2 protein chains.
Amino acid sequence: MTPQRELIFRSFFEMDKHVSVDELYEIVRSIDRSIGYSTVWRNLKLICRVGLAQEVSIGDGITRYDRLTRIPHGHLFCLGCKKVVEFNADQIVGVLAQTAIENDFTNKGFKVEVQGFCGECRAKGSVDSSETESVS
Amino acid sequence: MTPQRELIFRSFFEMDKHVSVDELYEIVRSIDRSIGYSTVWRNLKLICRVGLAQEVSIGDGITRYDRLTRIPHGHLFCLGCKKVVEFNADQIVGVLAQTAIENDFTNKGFKVEVQGFCGECRAKGSVDSSETESVS
DNA sequence: GGTGAAAATGAAAATCGTTTTCATTTAGCT
DNA sequence: AGCTAAATGAAAACGATTTTCATTTTCACC
Ligand SMILES: [Mn+2]
Ligand SMILES: [Mn+2]
Ligand SMILES: [Zn+2]
Ligand SMILES: [Zn+2]
């Protein structure tokens, strides 16, 4: 346990949002100017490896790190302001567990995501009108 | 409408699996040796822009292109052999639509994914035992 | 069937987040 | 204190994606 690791872990777990390497790097950097980018990256990977967080990728090419909570949740992702809103996915997880069984899969993880536009972005306009609903 | 575009479109829509740029590039390349990578890339992007396909990213850093069908579906992704199995997501989409409304989101798309190990991979062994279930 | 503007193509280079390398430092143990 | 394995930081490597740009092609119009 090095001071860098402690700072990175502490900062990450104090955070509520989904943070990218760069974001966490800037945060710890404001406390310890000498910390390296790779150290932040490595420690985020470590946090994932030990099962305390999970990588999430939401369309833009940036990997974010999401603290694992006991209650499973999904993400509402606003295509306008890039905001992420979480929602409880208990019900869906039940369905998915059943689906996995039916297809002879063991499930190790889920990802449930809805892309759209939040109320604020709709109010501000600049939301294109095609309302295509689809699942990949 | 150029011959390259026609070949790329035709090849893409004849395909049933989730194809990456490289994969489609190799396929069209076997028919027209002179076709360029960027042309394949641009046309896949175009297919997405006009709403006939969707980009999907499944953990590995490779973007794949999934033809949009009228019936919404989710993906079972095998962490062992990387196979993708589709399943009907009608039921889940209903729940998600409701969730979006509750959170004042318009929904433009969904992504439902389950990671795990398929029967074959479990039979072959080499499946680590931790069965952590989680949703990002 | 020309003609010209706008769009598409292909090769190469640029981008940019991620990952690795390697020399140096540090933590943890005896 | 002395030793060894692990961690760190700076820089370079990587690799998929995206852009650039010179050239070619399509297509609407005459
Ligand atoms: Mn699919
Ligand atoms: Mn989350
Ligand atoms: Zn928004
Ligand atoms: Zn498998």
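What you are looking at is a predicted structure, and each value in this text was computed from that prediction instead of being measured.
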Give a yes/no on whether any side-chain N or O of [X] is located under 4.0 angstrom from OP1 or OP2 of [N].
X	N	value
A/Q4	D/dG9	yes
A/T63	C/dT18	yes
B/T2	C/dT9	yes

Protein-nucleotide distance ([X], atom [atom1]; [N], atom [atom2]), rounded to Å:
X	N	atom1	atom2	result
A/Y37	D/dA7	OH	C1'	18 Å
A/R64	C/dG17	CZ	P	11 Å
B/E6	D/dC27	CD	C1'	16 Å
A/I62	D/dT17	CD1	C1'	14 Å
B/F9	C/dA8	CZ	C1'	12 Å
B/Y25	C/dT9	OH	P	14 Å
B/K45	D/dT19	NZ	C1'	13 Å
A/D60	C/dC16	CG	P	14 Å

A/E26, CD: over 12 other non-hydrogen atoms inside 6.0 angstrom: yes
Nearest of C/dA8, C/dT19, D/dT18 to any side-chain atom of B/W41?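 Among C/dA8, C/dT19, D/dT18, the one nearest the side chain of B/W41 is D/dT18.
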Which nucleotide sits closest to the side chain of A/R42: C/dT9, D/dG9, D/dT18? D/dG9
Which other residues end up in the same hydrophobic cluster as A/I101, if Ile, Leu, Val, Met, Phe, Trp and Tyr are linked when side-chain heavy atoms come under 4.5 Å apart?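 In the cluster with A/I101 there is nothing else; it is isolated.
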With sugar-phosphate meaning primed atoms plus P, OP1 and OP2, does [X] contact a base, only sugar-phosphate, or nothing at under 4.0 Å between heavy atoms?
X	answer
B/S38	base
A/R5	sugar-phosphate
A/N43	sugar-phosphate

Sequence neighbours excluded - ring pair (Phe, Tyr, Trp, His ring centres under 6.0 Å) pairs with any residue from residues 27-57 of chain A: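 As it turns out, the ring pair (Phe, Tyr, Trp, His ring centres under 6.0 Å) pairs with a partner in residues 27-57 of chain A, which skip direct neighbours, are A/Y25-A/Y37.
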Assign each of A/G36 and B/D22 to its nearest nucleotide of DNA chain D by heavy atoms, then name whichever residue's nucleotide is nearer the 5' end. A/G36
With no hydrogens and no angle check, just 3.5 Å: does a side-chain donor-acceptor pair link B/Q115 and B/H75? no
Are a donor atom and an acceptor atom from the side chains of B/S34 and B/D32 found within less than 3.5 Å of each other?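 Yes, because at least one side-chain N or O of B/S34 sits under 3.5 Å from a partner of the opposite role on B/D32.
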